[in-house]
Amino acid sequence: MKRSRFTEEQIIGILRESEAGAKTPDLCRRHGISTATFYNWKAKYGGMEVSEARRLRALEDENSKLKKLLAEAMLDVAVLKDLNSKKW
């Protein structure tokens, strides 16, 4: 997955500027992002503090590792069931 060129701190800073009263199109133009990106960030990080955003990133990373482990375990079980079902 492509990493953002903005850190969580920068994203939350941009959202704070919007909450302070800056107009969205001007804000997006100044930071070089699209309005769709801004609204995606707002949906994901809206109302968060920087520490909460870091925690969210850590949880997402942990979740992806656990999903990989689960997929590998399920594949191993499927292979073992396939081998066990064959008649020798």
Side-chain angles (χ1 to χ4, degrees):
M1 189 168 125
K2 183 181 174 191
R3 285 289 195 194
S4 174
R5 62 184 184 143
F6 293 96
T7 63
E8 287 93 359
E9 295 89 3
Q10 292 171 326
I11 292 170
I12 291 173
I14 293 169
L15 293 176
R16 298 286 159 122
E17 287 181 43
S18 172
E19 291 171 2
K23 293 183 180 180
T24 304
D26 296 336
L27 192 65
C28 293
R29 199 173 315 114
R30 185 170 55 234
H31 292 287
I33 59 172
S34 68
T35 54
T37 300
F38 175 80
Y39 288 116
N40 285 336
W41 287 351
K42 191 172 181 180
K44 187 172 183 179
Y45 297 105
M48 276 191 191
E49 296 295 323
V50 175
S51 60
E52 293 171 341
R54 286 186 183 147
R55 176 87 173 126
L56 176 66
R57 172 69 59 99
L59 288 173
E60 287 174 345
D61 291 342
E62 183 181 359
N63 194 21
S64 67
K65 289 176 187 175
L66 290 173
K67 283 183 180 181
K68 283 182 184 177
L69 288 173
L70 178 65
E72 290 172 0
M74 290 176 68
L75 183 61
D76 290 343
V77 168
V79 168
L80 290 173
K81 280 185 180 180
D82 187 39
L83 286 175
N84 196 18
S85 67
K86 292 183 180 177
K87 294 187 179 178
W88 300 97

Could you pull out all residues at least two apart from [X] that satisfy side chain to side chain donor-acceptor pair (under 3.5 Å)?
X	value
Asp26	Arg29
Arg55	none
Thr35	none
Ser34	Thr37

*With sequence neighbours excluded, what pairs up with Glu62 under the side chain to side chain contact (heavy atoms under 4.5 Å, CB included) test?*
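Expected list: Leu59, Leu66.
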Distance-only check: which donor-acceptor pairs under 3.5 Å involve side-chain atoms of residues 70-83, not counting sequence neighbours?
none

*Which distance, rounded to the nearest 0.5 Å, do you find between the SG of Cys28 and the CD1 of Ile33?*
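The distance works out to 4.5 Å.
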*Nearest-0.5 Å distance that lies between atom NE2 in His31 and atom CZ in Phe6*: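 So the NE2 of His31 and the CZ of Phe6 are separated by 7.5 Å.
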Show the atom names and distances, to 0.1 Å, of all donor-acceptor pairs under 3.5 Å that link a side chain in residues 8-16 to residues at least two apart or in another chain.
from  : atom 1 : to    : atom 2 : distance (Å)
Glu8  : OE2    : Arg57 : NE     : 3.2
Glu8  : OE2    : Arg57 : NH2    : 3.0
Glu9  : OE1    : Thr7  : OG1    : 3.0
Glu9  : OE2    : Arg54 : NE     : 3.0
Glu9  : OE2    : Arg54 : NH2    : 2.3
Gln10 : OE1    : Thr7  : N      : 2.9
Arg16 : NH2    : Met48 : O      : 2.8
Arg16 : NH2    : Glu49 : OE2    : 3.4

*Specify the closest pair of heavy atoms between Ala22 and Arg30, including all atoms of both residues, with the distance to one decimal.*
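Nearest pair, atom of Ala22 first, then Arg30: CB-NH2, 4.5 Å.
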*Sequence-distant partners of Tyr39, ring-ring contact (aromatic ring centres under 6.0 Å, His included), two or more places apart*: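 Applying ring-ring contact (aromatic ring centres under 6.0 Å, His included) to Tyr39 gives none.
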